[in-house]
Amino acid sequence: MTEGMNTIVVPVQDLAKATALYRELLGVEPYVDQPYYVGFRAAGHEIGLDPNGHGKGLTGAVCYWNVDDINGKVKALLEAGGETAQDVTDVGGGKLIAVVKDVDGNMIGLMQ
């Protein structure tokens, strides 16, 4: 996998209303439509709606950077002054995600 950013996850409170809005905005149907996550693919990016995001401490959209070694990258970011916002978590299918806060409290998403 090549490192780079292609996934944006948006915490939402009303998944049905958010799905309708993003369907209209992006002009595509979701490829995943589940009670825990709705995912769209548009213009080479994934836009995900997470109804549990606020409960995980997300205050806004999080851009996820693809990495080859998520544990190593989390460790390096913490050593550089970052703070854990979400530990490495398997979200299914072998996909791992984590979120680190930068020194100003901005969320950095990591995905392997």
Side-chain angles (χ1 to χ4, degrees):
M1 170 180 49
T2 303
E3 291 196 6
M5 194 284 297
N6 72 348
T7 303
I8 302 166
V9 176
V10 181
V12 299
Q13 293 186 10
D14 187 324
L15 188 59
K17 287 182 180 178
T19 299
L21 185 137
Y22 279 87
R23 181 183 287 123
E24 183 63 31
L25 171 69
L26 301 170
V28 298
E29 292 297 317
Y31 78 95
V32 172
D33 192 349
Q34 297 294 322
Y36 58 86
Y37 184 82
V38 173
F40 295 89
R41 289 192 177 129
H45 291 77
E46 177 168 338
I47 295 30
L49 308 177
D50 183 352
N52 301 305
H54 293 291
K56 298 175 195 170
L58 302 182
T59 58
V62 176
C63 298
Y64 282 80
W65 191 260
N66 293 318
V67 297
D68 294 324
D69 175 10
I70 195 166
N71 291 303
K73 187 62 79 175
V74 167
K75 182 177 186 273
L77 292 175
L78 296 178
E79 289 172 355
E83 179 183 328
T84 301
Q86 179 183 341
D87 288 323
V88 175
T89 304
D90 187 330
V91 294
K95 183 181 286 188
L96 303 174
I97 64 169
V99 180
V100 174
K101 288 183 189 179
D102 72 10
V103 296
D104 292 304
N106 299 301
M107 303 289 189
I108 301 168
L110 302 169
M111 181 179 295
Q112 176 182 310

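No hydrogens, no waters, no symmetry mates; every other heavy atom, side chains included, goes into these values. What you see is a predicted model, and the numbers here were worked out from it, not measured in a lab. Sequence positions, counted from 1, serve as the residue numbers for this chain.
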Taking the side chain from T89 and the backbone from D87, do they hold a donor-acceptor pair closer than 3.5 Å?
yes

Can you see which heavy atom on A42 is nearest to which on V28, and at what distance?
CB-CG2, 4.4 Å

What I'd like to find out is whether the side chain of R23 reaches to under 4.5 Å of the side chain of P30, using heavy atoms alone.
yes

Should L49 and L15 count as side-chain neighbours, where that means a heavy-atom distance under 4.5 Å?
yes

Side chain D104, main chain N106, donor-acceptor under 3.5 Å
no

Identify the two heavy atoms, one from V10 and one from A61, that lie closest to each other, and give their separation to 0.1 Å.
CG2-CB, 4.1 Å

Please report the interatomic distance CD(Q112) to CG(D69), rounded to the nearest 0.5 Å.
6.5 Å

If we only count heavy atoms from C-beta on, is the L96 to V91 side-chain gap below 4.5 Å?
no

CE (M107) and CG (L58) are apart, to the nearest 0.5 Å, by 5.5 Å

Between V100 and G82, what is the shortest heavy-atom contact and its length?
CG1-CA, 4.0 Å

Heavy-atom pair with the smallest gap, counting every atom of I70 and A98:
CD1-N, 3.7 Å

Check ion pair K73-D68 (N to O, under 4.0 angstrom):
no

Are Y64 and E46 linked by a side-chain donor-acceptor pair shorter than 3.5 Å?
no

Among L110, T84, D102, side-chain contact (heavy atoms from CB on, under 4.5 Å) partner for L77:
L110

Mind checking the CD1-NE2 spacing from I8 to H45? Nearest 0.5 Å is all I need.
6.0 Å

Separation between CE of M5 and CE of M111, rounded to the nearest 0.5 Å:
10.5 Å

CG (L78) and NZ (K101) are apart, to the nearest 0.5 Å, by 12.5 Å

Are V32 and V38 close enough, and set up right, to give a side chain to side chain contact (heavy atoms under 4.5 Å, CB included), and what steps lead you there?
CA-CA 5 Å; V32 172; V38 173; over 6 Å; no

In terms of heavy-atom contacts, P51 and P35 come closest through CG-O, 3.2 Å

